[in-house]
Undergrad: 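Please find one structure pasted underneath; my questions will follow.
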Number of protein chains: 2
Amino acid sequence: MPRPPSSQGAETREKILEVALELFTHQGYDATSLRDIAERLGITKAALYYYFERKEDILLELHMRLHDAGSALLDELEATEDGPARVAAWPALQDQLVDFMLEQRDLLLLHSRNQSALAALVGSERNQHANEELEARIVRILGSPAIPLRQRVRMAASIGVITEVLVESGEAFQDVPSEELAALVRETTADLLGVGTAR
Amino acid sequence: MPRPPSSQGAETREKILEVALELFTHQGYDATSLRDIAERLGITKAALYYYFERKEDILLELHMRLHDAGSALLDELEATEDGPARVAAWPALQDQLVDFMLEQRDLLLLHSRNQSALAALVGSERNQHANEELEARIVRILGSPAIPLRQRVRMAASIGVITEVLVESGEAFQDVPSEELAALVRETTADLLGVGTAR
DNA sequence: GTCTATATTTCGATAGAC
DNA sequence: GTCTATCGAAATATAGAC
């Protein structure tokens, strides 16, 4: 889908995505005009159309980067059989999820702040979403009757813990080294399952 | 701030807020035009201006309802002294938070889906926000050096658990009675603090 | 590749009749 | 209280020169 395969224009393209990521996150997608992005880069609005056909496509590409990274994680979980096997696979996934959220923090914030714009985007005609939304896949996993409700609540709970501490409330823990914070989160989610399983 | 004190027009006003809540949540604030709202109510766009001076004011009023309800909870917590006393007060707050999120689920979803629109709204000149944003107050509490980091992570973690299970992933637990779900969430957050404190 | 200039559309908001 | 009609401002997107 990208436009120019030329090797130098690719830099500009990447800069556009960088600026868009920041502006979309901090002012919101709808409140950010193409003029905002262009001015920040010292070019004009029209130049953006050389790299992206539509404004939507900029957001879409940022979305897909997170989607693809997250999809790999979910594929792994969905490879297990729905039921006890999936519960057994959960602890390992939790650990990977911590790394994932630390690595993708910027894109996760973009998604968190622009949920409605993204919903409209992927729910649209144009974009062939043979690739199902991550959120929907997670909901399906958590809604499965093949897993005891208490377990499923604990699974959702760990997602909540990781998201809240590492992404949403991240501002409160700015001064804490990532590794230390990650260790505390892992400890917390481990307790969540440990105690829950024992009951 | 509301316009008409007349007793019958108040119904229409409330209906406007109901429809706006639904559309803002499902399509997003920016993607929802006043025409969308008016048509749903069988009136014209211009009629809305009899009840609200600006489109912003509709969102603002919905925002303030959640803000006021949540502010009461936070006031209570902030009444304690920063440090061990606040940690001691936390378990009780957690319990109240579960009820709060169940009661205010619709407004919480609105806020979650329109974070950027709301940030622009309250960060604006017009609205005297002597009332500080809830998020900022929470971040300050969670960032306090007077409380051990492990404790603060657990506090943030419980917020994450409650939000994720009762609001964000709520769709996965649609068929579960609220009371049962609330009980499981309370059990989970209690474990979170119980084990964490023991360490 | 980037520019200037402009077409097109949509939306928030206002004026004024009823 | 609700309507018709319209204004004015942005913003997306396009055309075409350089």
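Naming convention: chains lettered A, B, ... in sequence-line order (proteins, then strands); numbering from 1 in each chain.
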Undergrad: What integer distance in Å separates A:F52:CZ from C:dG1:C1'?
TA: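 Rounded to whole Å, this separation is 15 Å.
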Undergrad: For a quick test of your reading: what N or O donor-acceptor pairs under 3.5 Å do the side chains of residues 89-97 of chain B make, sequence neighbours left out?
TA:
from, atom 1, to, atom 2, distance (Å)
B:W90, NE1, B:S158, OG, 3.3
B:Q94, OE1, B:T189, OG1, 3.4
B:Q94, NE2, B:S158, OG, 2.9

Undergrad: Determine which pairs satisfy side chain to side chain donor-acceptor pair (under 3.5 Å) with at least one residue from residues 174-185 of chain A, sequence neighbours left out, and list them in order.
TA: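 As it turns out, there is no side chain to side chain donor-acceptor pair (under 3.5 Å) pair with a partner in residues 174-185 of chain A once direct neighbours are skipped.
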Undergrad: Please report the distance, rounded to the nearest Å, between OH in A:Y29 and P in D:dA11.
TA: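 Taking OH of A:Y29 and P of D:dA11, I get 13 Å after rounding.
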Undergrad: Send over the distance from A:R35 CZ to D:dA9 C1', rounded to a whole Å.
TA: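 It works out to 12 Å between those atoms.
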Undergrad: Kindly give the atom pairs (protein nitrogen or oxygen, nucleotide nitrogen or oxygen) under 3.5 Å for nucleotides 13-16 of chain D.
TA:
from, atom 1, to, atom 2, distance (Å)
D:dA13, OP2, A:Y49, OH, 3.3
D:dA13, OP2, A:K55, N, 2.9
D:dA13, N6, A:K45, NZ, 3.1

Undergrad: Quick one: list whatever passes salt bridge (Lys or Arg N to Asp or Glu O under 4.0 Å) with A:E103, sequence neighbours left out.
TA: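 Partners of A:E103 by the salt bridge (Lys or Arg N to Asp or Glu O under 4.0 Å) criterion come out as none, since no residue qualifies.
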Undergrad: Nearest-Å distance, CZ (B:R13) to P (D:dT2)?
TA: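 About 13 Å, once rounded to whole Å.
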Undergrad: Please report, rounded to the nearest Å, how far the C1' atom of C:dG1 is from the CD1 atom of A:I43.
TA: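 So the CD1-C1' distance, A:I43 to C:dG1, works out to 10 Å.
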Undergrad: Taking it one step at a time, do A:L17 and A:F52 satisfy side-chain contact (heavy atoms from CB on, under 4.5 Å)?
TA: CA-CA 10 Å; A:L17 288 167; A:F52 298 92; 3.8 Å; yes
Undergrad: Are B:T44 and D:dT2 close enough that a side-chain N or O sits under 4.0 Å from OP1 or OP2?
TA: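 No, no such contact exists.
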Undergrad: Only counting residues at least two apart or in another chain, list the ones meeting side chain to side chain contact (heavy atoms under 4.5 Å, CB included) with A:A47.
TA: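 Result, side chain to side chain contact (heavy atoms under 4.5 Å, CB included) vs A:A47: A:I43, A:T44.
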Undergrad: Is any NZ, NE, NH1 or NH2 atom of the basic residue among B:R40 and B:E18 found under 4.0 Å from an Asp or Glu carboxylate oxygen of the other?
TA: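 Not counted as a salt bridge, because no side-chain N and carboxylate O are separated by less than 4.0 Å.
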Undergrad: Rounded to whole angstroms, how far apart are CG on B:L41 and C1' on D:dT2?
TA: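 Spelled out: CG on B:L41 to C1' on D:dT2 is 13 Å.
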Undergrad: Tell me which nucleotide among C:dG12, C:dT2, D:dC3 gets nearest to the side chain of A:A47.
TA: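 Nearest to the side chain of A:A47 among the choices is C:dT2.
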Undergrad: Would A:K15 and A:Y51 count as a cation-pi pair here, with the cationic atom under 6.0 angstrom from the ring centre and within 45° of the axis?
TA: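 No.
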Undergrad: Which atoms form the tightest heavy-atom contact between A:Q104 and A:L66, and what is the distance?
TA: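 Result for this residue pair: CB-CD1, 3.8 Å.
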Undergrad: Using whole Å, what does the distance between atom P of nucleotide D:dA10 and atom CD of A:E39 come to?
TA: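 Between P of D:dA10 and CD of A:E39: 13 Å.
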Undergrad: From OH of B:Y50 over to C1' of C:dT14, roughly how many Å is that when rounded to an integer?
TA: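 To the nearest whole Å, that distance equals 17 Å.
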Undergrad: If we fit an axis to the first five pairs and another to the last five of the helix from C:dG1-D:dC18 to C:dC18-D:dG1, what angle do they make, to the nearest 10°?
TA: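 Computed from the C1' atoms at both ends, the axes differ by 0°.
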Undergrad: Do A:R137 and A:E133 meet the salt-bridge criterion of a basic N to acidic O distance under 4.0 Å?
TA: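 So A:E133 does not pair with A:R137 through a salt bridge.
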